[in-house]
Every structure is written in C-alpha cells, then in structure tokens.
J.: 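Supplied in structure tokens, the structure appears directly below.
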Amino acid sequence: MLQGQKALVTGANSGIGKATAIALGRAGADVVVNYVVGKDEAEKVVDQIKGFGVNAYAHEADVSDEAQVVDMVARIVKEFGTIDIMVANAGLQRDSSLVDMTMAQWQKVIDVNLTGQFLCAREAAKEFMRRGVVPEVSRSAGKIVCMSSVHQIVPWSGHVNYASSKGGVGMMMQTLAQELAPHHIRVNAVGPGAIRTPINTAAWDTPEAEAELLKLIPYRRVGDPEDIANAVVAMVSDLLDYVVGTTLYVDGGMTLFPGFATGG
Ligand code: BGC
C-alpha cells in the first residue's frame, strides 16, 4: 500500500509510535525510527521492520530541539532520498494538579507535545514542497499525521499541560492543513483514546483500574497500539487522499460523552 514511500515516526521505540513504525514498514514504506532514550528498543523495532524487506534505521533526536529535528529530517533526505510521511507522535505526560504544577512540568509537555510537532511538520513540509507530487509514489506531495488525543477536545483535570498541548495540536493541525493543502500536502491528526501503552499503565494494569476505565469507553475495550497504527496507515494511504485537516478519533467511543448514556 505504501511501497516506495519514506516515513519518519517520532517516539517510535515504544507504545503507539512503535506499532505505527512497524505497521508502516509492513505496508511497504521505508521507516526511520526516532527515539530520544531507549536505543535498544529502537534497534529492535528497526530489525522487525527490516524483516518486511524494507529499509529502516534508528535515529536519536529530541523533537523539542530545533537543531536536532533539522538534522533528523536532513538525514532521511540524504539516506532515503526524500520523505513522504511524517508521523509526529512523540509525546509525554507530567501530571499534576494546577496549584502544584511546576513551570518545568508545564514547559516540558508543551515543548515535546506541541513545539516538537511544529518542528517536525515544518521540516517535513520544506522537503514535500521542494519535491512536489511524484504520481508513481502517491497522489499527494506528502502527509503529516499529528498524534493527538481525545484530550484535544475532552478537558482533563490534573493534566492541564497535556490537555492544553493536545488542544494546541488540534488547532496547529487545522492551520497547517489549510496552509499546506494548496501544495498538495495533507495534514491530519489521529486522536487515540485509552490505549494500552507505557504512558498510562496505571489506568489499566489492575482489574479495578481497568473496570473504572471501561466506564469511559462505550465499546468496552481498552485500545491496543495496533488500533492506532492501522488508523495512521489508512490516513497516509491514497485511499484517504481527499481527507485534509481532519482529526480521526480512534477511541472506542470515548468522545461520545459516555456519562450521558444514562444521565442528563
Ligand atoms: C493519555 C492517556 C489516557 C487517554 C485517555 C491519552 O491521550 O495519554 O494517559 O489514558 O488519553 O484519557
């Protein structure tokens, strides 16, 4: 489905990023596996992707560092010739109530989750615009997928830094989609709900926690990283070539205000 395309996934050594990098490789893309800590895991992901007969390498970079993002995108252009797919996935949480939240907790989350996506989108867009559409490869000149969250639209007490970063990702994505669409670049977001990954282990790793969590999920199952990876593959494929500036929530219905199933 993505044969001949060159993809870069940030934060691809664990969780949603890892599953997405593997799914893109399985779909035929060559893949750069970005990580900031956890080289061994990144190399394992690379080996798994190479097992599909495509090319892959791991690249260490902090997405919130401008020079490192510039170098990372310059390297994929040098090694793979260009870039067709940027999955701006790297993200983290530093949870705290408002009154206890430090400036460092606020800033770290904004830097990685929002500024990091801005930098990755900017550098990818420059190469997409330079190269333009190559019809044998894809109908579009490039695809950017912003990894968002249900918290792009669902307020989240105790996580104001995270929810603000994802709300920002939503508006950034729409603005970039509007700005880049005339260049035949598609920018969209995928908004995961509760997915079994290291970021939220406490929310599902005991039967009690999982039972509480399931109350928020009408479809009554916690998501797997592959649920998100499959959505990203669909989003960047030409099957969805006319999808521009959309957030695809992949959340088992978490954004359907499940509390109103009985109340209201
Ligand atoms: C957060 C998880 C949370 C989920 C649903 C995600 O964006 O990273 O910690 O479980 O949203 O609330």
Side-chain angles (χ1 to χ4, degrees), residues 9-21 34-38 63-64 87-98 100-101 105-118 120 145-173 188-232 235 246-261:
V9 183
T10 65
N13 57 332
S14 79
I16 289 171
K18 172 180 171 179
T20 299
N34 161 257
Y35 67 100
V36 64
V37 281
V63 295
S64 67
V87 183
N89 166 78
L92 45 74
Q93 289 181 215
R94 293 287 183 272
D95 306 331
S96 167
S97 63
L98 170 64
D100 290 328
M101 188 173 286
Q105 287 173 311
W106 170 265
Q107 200 62 55
K108 180 78 179 170
V109 172
I110 298 296
D111 284 352
V112 173
N113 295 13
L114 184 56
T115 309
Q117 293 205 12
F118 156 74
C120 289
V145 176
C146 298
M147 195 56 67
S148 189
S149 164
V150 292
H151 300 297
Q152 182 178 311
I153 50 167
V154 177
W156 202 17
S157 298
H159 307 79
V160 67
N161 47 2
Y162 185 86
S164 303
S165 74
K166 295 301 185 180
V169 162
M171 182 50 73
M172 180 186 75
M173 178 279 292
N188 290 284
V190 169
I195 308 300
R196 260 179 238 281
T197 75
I199 207 172
N200 63 356
T201 313
W204 48 263
D205 73 343
T206 64
E208 298 75 30
E210 182 163 352
E212 275 306 302
L213 183 59
L214 289 177
K215 290 182 190 166
L216 297 175
I217 309 172
Y219 203 57
R220 297 287 186 263
R221 101 170 150 78
V222 179
D224 298 312
E226 290 69 27
D227 289 312
I228 307 305
N230 292 338
V232 174
M235 188 61 102
T246 294
T247 300
L248 173 59
Y249 290 102
V250 184
D251 66 351
M254 196 176 228
T255 42
L256 297 173
F257 297 95
F260 278 82

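Atoms within a ligand are numbered from 1 in the order they appear, just like the ligands themselves. All residue numbers in this chain count up from 1 along the given sequence.
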J.: Report the residues that fulfil side-chain hydrogen bond (donor to acceptor under 3.5 Å, both in side chains) with W106, sequence neighbours left out, ordered by chain and then residue number.
T.: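 For W106, no residue satisfies side-chain hydrogen bond (donor to acceptor under 3.5 Å, both in side chains) once neighbours in sequence are set aside.
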J.: According to the interplanar angle, ranging from 0 to 90°, do the rings of W156 and H151 count as parallel (below 30°), tilted (30 to 60°) or perpendicular (above 60°)?
T.: parallel
J.: Would R196 and D227 pass as an ion pair if we require N to O under 4.0 Å?
T.: no
J.: Taking only heavy atoms of the protein into account, state which residues are under 4.0 angstrom from an atom of ligand 1, in chain and number order.
T.: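 Ligand 1 is contacted, at a heavy-atom distance under 4.0 Å, by Q93, S149, H151, W156, Y162, G193, A194, I199, N200, M254.
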J.: Does a donor on one side chain and an acceptor on the other come within less than 3.5 Å for S165 and N113?
T.: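 Looking only at side-chain atoms, N113 and S165 do form a donor-acceptor pair, the distance falling under 3.5 Å.
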J.: Testing the 3.5 Å rule here: is there a donor-acceptor pair between the side chains of D251 and T255?
T.: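 Short answer, yes.
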J.: After noting the C-alpha distance and the side-chain angles of N89 and I16, does the key distance pass the side chain to side chain contact (heavy atoms under 4.5 Å, CB included) rule?
T.: CA-CA 8 Å; N89 166 78; I16 289 171; 3.5 Å; yes
